[in-house]
Amino acid sequence: SRHIHVGIRTCDITCPVLGTRLDLVARQPQFDGHDLESTDMLLNPLAAPKGVKLQCELCQKPAHVQCTNCRYTYYCGEAHQREDWEAIHERICPLVTVLRAPLPHASSEEERKHHKYQEGLRKKHIIKVAIQEGRRFLYEGRPSLAIPAALEALKFLTEVYGGADIQLTPAYLILAEAAIGLGKLREAEQYLSQAQWSVLQTPDCEPWLKSRLHRNLGQLEAARNNLAQARKHFAEDIYQSSVAYSPHAVQTSGGYYHLGGVFLREGKHDITLSLHDQVVAIWQGHLGGLVRSLQESHRAQPREPSAMQLPRSDATPPSPMTLETAERAEASHVLHSIRELREQAGQPSAELLVGPYHTLALLHCLLRETAKSEGYARKVLQLCQDSPDYSDIAASAEALLQLLATLDPGTQS
C-alpha cells in the first residue's frame, strides 16, 4: 500500500473577483514521493462521527469514501469521486482544504474579521472558477462534466448569499443547459423555472442575467422543436445582451448564433447566413484587437534573438491579450461550427469562408496553436487571390503569418 506524506505548502492566490490576495497555507499530500496530479486519488473508508450523515457531493446519497487530499469532500463511490475530480475538484481542492479546516484561535475582533473576510474571498474564488469551468464544459460538448462544476458553484453561492438569492441563477442556468445537452428536458425545465422565478422576484435584475435566462429558455424550446417560441426567446436574449453590453459584443454573439440555428432548421438559409456573418464579424473584431495588441507587444520587445520568442502557452500569465477559459471554448465551438456548416455547402468561396478562416487563424494564434493558425491564414490568402474586395483581410493574414514566424516553434501544434 502507498503511504501519504503530508507537507506544508503556502499558496499565494489573488482573487479575480475583488483583486485581493488570499492568504492560504495548504497541506500538499504526496504519494510515495509523487504529487497528486500524477497519481490516482486514494480513497479511504469513512469513519463518520456519530450522528453525522455524510452525503455524496454529486448525488446526495450516503457517502462511503472521501477525498484524501482535502478530507472534507465525500462521495458515494469511486466513480463519482473521479467524475468530480475531473470536472472541478482538482482545481479547487487546495482552497477547500484551507476553507474547511478549523480556524486558528483569533486573539482580537480585528483578527476574527480578517478570517471572515478571507473566508468570503475563498468562497467567491471557488464560485468564479466553478462557473467558468461549467461553461467551458458546455461549449466543449461535455455537459455531464458541467454538472459537478455547477453543483459546486451552487453550494458555495448558497453559503455566501442564502438559498433564495438571484446570485444563484448562473449556476441553475448551467445545470439547465447541461440537462438539455443530455436530453433531460424535464430536469432542465425545473432548473429554468427556479431561475425564472428568481429573476421575476428581482425587479432590478441585471440585463445580462435576463439574456442568459432567455438563451437557455430558447435552447429548451428548440430541443422541444417549438421553433417559434425559441425564436422569441433568442430575440429577447439579443435585446437584453445589447442593453447590458452592446449589439456588437461577444456576449451578444451567442444569441445571433442560436437564432441562426433556428432559422436553419426552418429552411431559411439566407437569414442563417446573415446572422452567422454577424457572429463571425463580432469575433473577428474582438480577436483581431487582441492579436494587434500581441503584435504591438512583440514589436516593443528587445531585438535580441532570445527576447524575440514569445513565452510558451503554459508560461503565459493572464493578460488583456489572452482569453478566459469559457470564452476560448465558446469561440472555438461557434466558429468551427459555422466553418463546418459552410464547408458542407459545396464549392468553397471567399464570400462564405474568408471570414471564418481568418477569425479561426486569429483564435489559434492567441491560443499559441501556431500550426493551426498558419493553416487557416494560408487558406485565407488562397481564397483572396482573385478577390480584390478582401484585400484588407489578405493583408491581415500576411501580417499574422509574419507574427507566427517569430513565435517559439515549441508552441506549434
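Bear in mind the structure is a predicted one, so any value in this text is a computation, not a measurement.
- A distance-only check finds no donor-acceptor pair linking the side chain of Ser274 to the backbone of Asp270 [under 3.5 Å].
- Proximity of a side-chain donor or acceptor of Arg342 to a complementary backbone N or O of Leu352 within less than 3.5 Å is detected.
- His114 has its side chain out of reach of Glu110: every pair of non-hydrogen atoms, C-beta onward, lies at least 4.5 Å apart.
- For His258 and His333, the ring centers are positioned 6.0 Å apart or more.
- Sorted by first then second residue, the side-chain hydrogen bond (donor to acceptor under 3.5 Å, both in side chains) pairs that include residues 225-250, not counting sequence neighbours, are Ser211-Asp237, His214-His233, Arg215-Asp237, Glu221-Asn226, Asn225-Arg265, Arg231-Glu266, Glu236-Gln240, Ser241-Thr252.
- The backbone N or O of Asp392 lies less than 3.5 Å from no partner atom in the side chain of Ser396, so there is not a single donor-acceptor pair.
- Residues Tyr357 and Glu343 bring a donor and an acceptor atom of their side chains to less than 3.5 Å of each other.
- Of the possible polar contacts, none joining the Arg186 side chain to the Lys184 backbone as a donor-acceptor pair under 3.5 Å is found.
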Full working for side-chain hydrogen bond (donor to acceptor under 3.5 Å, both in side chains) between Tyr376 and Arg339: CA-CA 11 Å; Tyr376 282 115; Arg339 172 191 60 78; 3.3 Å; yes

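- Judged by distance alone, with hydrogens and angles left aside, the side-chain atoms of Ser373 form no donor-acceptor pair with the main-chain N or O of His364 at under 3.5 Å.
- Put simply, the side chain of Thr272 gets close to the backbone of Gly260: a donor and an acceptor are under 3.5 Å apart.
- Using a 4.5 Å heavy-atom cutoff, the side chains of His125 and Lys128 are not in contact.
- Between Leu363 and Leu360, the closest side-chain pair of non-hydrogen atoms falls below 4.5 Å.
- Residues Arg82 and Glu78 meet the side-chain proximity criterion, which asks for heavy atoms closer than 4.5 Å.
- Figure legend: Lys268 and Phe263 shown without cation-pi pairing, the cationic atom not lying both under 6.0 angstrom from the six-membered ring centre and within 45 degrees of its axis.
- Screening Leu209, Ile131, Leu138 for a side-chain contact (heavy atoms from CB on, under 4.5 Å) with Leu173, the sole residue that qualifies is Leu209.
- Heavy atoms of other residues, nucleotides or ligands lying less than 6.0 angstrom from CD of Glu351 number 12 at most.
- Shortest non-hydrogen contact noted between Leu175 and Leu154 is CD1-CD2, 4.2 Å.
- Side-chain contact, His286 with Glu327: a donor N or O sits under 3.5 Å from an acceptor N or O.
- The shortest distance between side-chain heavy atoms of Asn216 and Leu220 does not fall below 4.5 Å.
- Aromatic pair Tyr75/His80: centroids not less than 6.0 angstrom apart.
- The neighbour count for Gln60 CD, taken as heavy atoms of other residues, nucleotides or ligands under 6.0 Å away, is above 12.
- A salt bridge does not link Lys155 with Glu159: every distance from a Lys NZ or Arg NE/NH1/NH2 to an Asp or Glu carboxylate oxygen is 4.0 Å or more.
- With a 4.5 Å cut-off on side-chain heavy atoms, Arg224 and Glu189 count as touching.
- Within the 3.5 Å criterion, the main-chain N or O of Val250 finds a donor-acceptor partner in the side chain of Ser253.
- Residues Leu95 and Lys123 form no side-chain contact, since every pair of their non-hydrogen atoms from C-beta on lies 4.5 Å or further apart.
- Put simply, the side chain of Thr406 gets close to the backbone of Leu403: a donor and an acceptor are under 3.5 Å apart.
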Trace of the salt bridge (Lys or Arg N to Asp or Glu O under 4.0 Å) decision for Lys116 with Glu119: CA-CA 5 Å; Lys116 195 71 176 175; Glu119 180 184 49; 3.5 Å; yes

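- For the pair Arg328 and Glu324, the salt-bridge criterion is not met [side-chain N within less than 4.0 Å of a carboxylate O].
- The closest side-chain heavy-atom distance from Tyr256 to His276 is not below 4.5 Å.
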